[in-house]
Every structure is written in structure tokens, then in C-alpha cells.
Amino acid sequence: MILSKDRDPRFITIRRGGTLADSDHRLLALWAAACAEHVLHLFESVQPSDPRPRQAIAQTRAWARGEIMMSQARAAGGHAMAAARDLSGAARHAAYAAGQSAVVAHVAAHELGAAAYAIKAARAAVPKGEGELAGRLECRWQREQLPEAIRDLVLDDQRLRNDICWSVFDC
């Protein structure tokens, strides 16, 4: 579970009654795609012939550029998450990160899903006892990638939803 029961109006676009500008929605998607792509190799090293997570990240970026419809990005996200189902560990989390990045086009608040799954992938990819450090380093890397326009929004969202995101944002 990565979404709160009550939707935060800061993650609902203005045209839908919230306060999120379309430009910031696109930035959230691009940041989520960067988070997912950073750990994508963990999936591709296990499933090199499965293009679905990489395609989801590409569709995220295509949506942010206005090249495809939201429904196309959302569908690509579902396909990436389907690629995760039979896997475990880092590969599974990396595929979920890619899927979550693509569904940001549909629900902006999925941006934390992409980031949280990427951190879980980084944690799972290292030997036992090194996961916490790997997760903190991934979290810090992600924060360095945040565009200034959405930085405060995402950091506050991490603070508010950290508990339902497996407490991965304690970095």
C-alpha cells in the first residue's frame, strides 16, 4: 500500500479540482522514471529479454513530453508490474518501480511508489546486513535528482507517507 485513503489535493491536477499544475505533474513523472531507471539493471540482469519495465519508463517520458495519452502510459505500467509477479527480491522491486513510474500519468501520487520500490530494490540487491545503507544511499541519490519546482512537495509527501511506504524515506 503506497497511497493514502484520502487523496492529497496537491497531487490532483488543477483541472480535476486539486492544486497540481500540469508542468509539475510531468516533473513528478520524470523524477519517478529516473528513480526506476536507476535500478532497472537489477531487473534486466535477471530477465534480459523482457522489455516491459524499460518500455514503461520510456512511456512515462513519452507521456511527460505529450506524445502519448495517459491511458497508454498507465497500460505500460500494468505490463511492467506484471513482469514482476513471478520474481522476487531486487528484480521484482525494480520492475514494480518501473510500473509505478508509468502510472504517475494517471495518479500523480504514485511518484512515491516508484521511489520506494527503487529503494527496496537497492536494499535487496546487496548482501545481508548492507541493505539499510544501500537504501539510504539510493534515497539520497533520488533526492539529488529532484527538480527544485517539486522538491518541497515530494519531500513533504515522503514525510507524510513514509510509514505506508515501508519507512524507506528515512535517509
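Just so you know, residue 1 is the first one in the sequence shown, and it goes up from there.
The shortest heavy-atom contact between F43 and D50 is CE2-O, 3.5 Å. In plain terms, the two heavy atoms of Q59 and A76 that are nearest each other are CG-CB, 3.7 Å. For A122 against A134, the heavy-atom pair with the smallest separation is O-CB, 3.6 Å. What you find for T60 and A29 is that their closest heavy atoms are CG2-O, 3.3 Å. Considering every non-hydrogen atom in both C35 and Q142, the closest pair reads SG-CG, 3.5 Å. In terms of heavy atoms, L20 sits closest to A108 at CD2-CB, 3.6 Å.
The shortest side-chain heavy-atom distance between E111 and F11 falls under the 4.5 Å cut-off. Put simply, the side chain of I57 reaches to within 4.5 Å of the side chain of L40, judged on heavy atoms. Put simply, the side chain of D24 does not reach to within 4.5 Å of the side chain of T13, judged on heavy atoms. Between R123 and E132 there is a side-chain heavy-atom pair separated by less than 4.5 Å. Within the 4.5 Å cutoff, no side-chain heavy atoms of S23 are placed close to those of L27. Within the 4.5 Å cutoff, side-chain heavy atoms of E37 are placed close to those of R54. Within the 4.5 Å cutoff, the side chain of W31 has no heavy atoms near those of the V104 side chain. Proximity of F169 to I119: side-chain heavy atoms (C-beta onward) are separated by under 4.5 Å at one or more points.
By the rule that hydrophobic residues join a cluster once side-chain heavy atoms approach within less than 4.5 Å of another member, L3 and M70 end up as members of separate clusters. Both L155 and L28 belong to a common hydrophobic cluster when Ile, Leu, Val, Met, Phe, Trp and Tyr are linked at side-chain heavy-atom distances under 4.5 angstrom.
A distance of 7.5 Å separates OG in S4 from CG in L160, rounded to the nearest 0.5 Å. To the nearest 0.5 Å, atoms CG (L30) and NE2 (H25) are separated by 10.5 Å. One finds the CZ atom of R61 at 12.5 Å from the CD1 atom of I68 (value rounded to the nearest 0.5 Å). In this structure, Q145 CD and R140 CZ are separated by 14.5 Å, a value rounded to the nearest 0.5 Å. How far CG of L112 is from SG of C165: 5.0 Å, rounded to the nearest 0.5 Å. One finds the CD atom of E148 at 9.0 Å from the CG atom of L146 (value rounded to the nearest 0.5 Å).
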Original post:
When you look at R10 and D156, which way does the salt bridge (Lys or Arg N to Asp or Glu O under 4.0 Å) test go after all the steps?
Top reply: CA-CA 11 Å; R10 298 175 304 163; D156 190 51; 2.8 Å; yes

Subject >> Full working for side-chain contact (heavy atoms from CB on, under 4.5 Å) between V46 and L87 >> reply: CA-CA 9 Å; V46 173; L87 302 175; 4.3 Å; yes

Original post:
Hey, mind stepping through R52 and M81 against side-chain contact (heavy atoms from CB on, under 4.5 Å) and telling me if it holds?
Top reply: CA-CA 8 Å; R52 294 176 290 178; M81 288 185 265; over 6 Å; no

Subject >> Working for salt bridge (Lys or Arg N to Asp or Glu O under 4.0 Å), residues D8 and R161 >> reply: CA-CA 11 Å; D8 186 335; R161 291 198 286 152; over 6 Å; no

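Panel note: side chain Q72, backbone M69; a donor-acceptor pair is recorded below 3.5 Å.
Checked for salt-bridge contact, D170 and R136 miss the test: no charged N lies under 4.0 Å from a carboxylate O.
In this structure, a donor-acceptor pair under 3.5 Å is present between the side chains of E138 and H38. Inspection of the R143 and Q158 side chains reveals an N or O donor paired with an N or O acceptor under 3.5 Å.
Qualifying ring-ring contact (aromatic ring centres under 6.0 Å, His included) partners for Y96, counting only residues two or more places apart in sequence or in other chains: Y117.
In summary, the aromatic rings of H93 and W166 are positioned with their centroids too far apart to meet the 6.0 Å limit.
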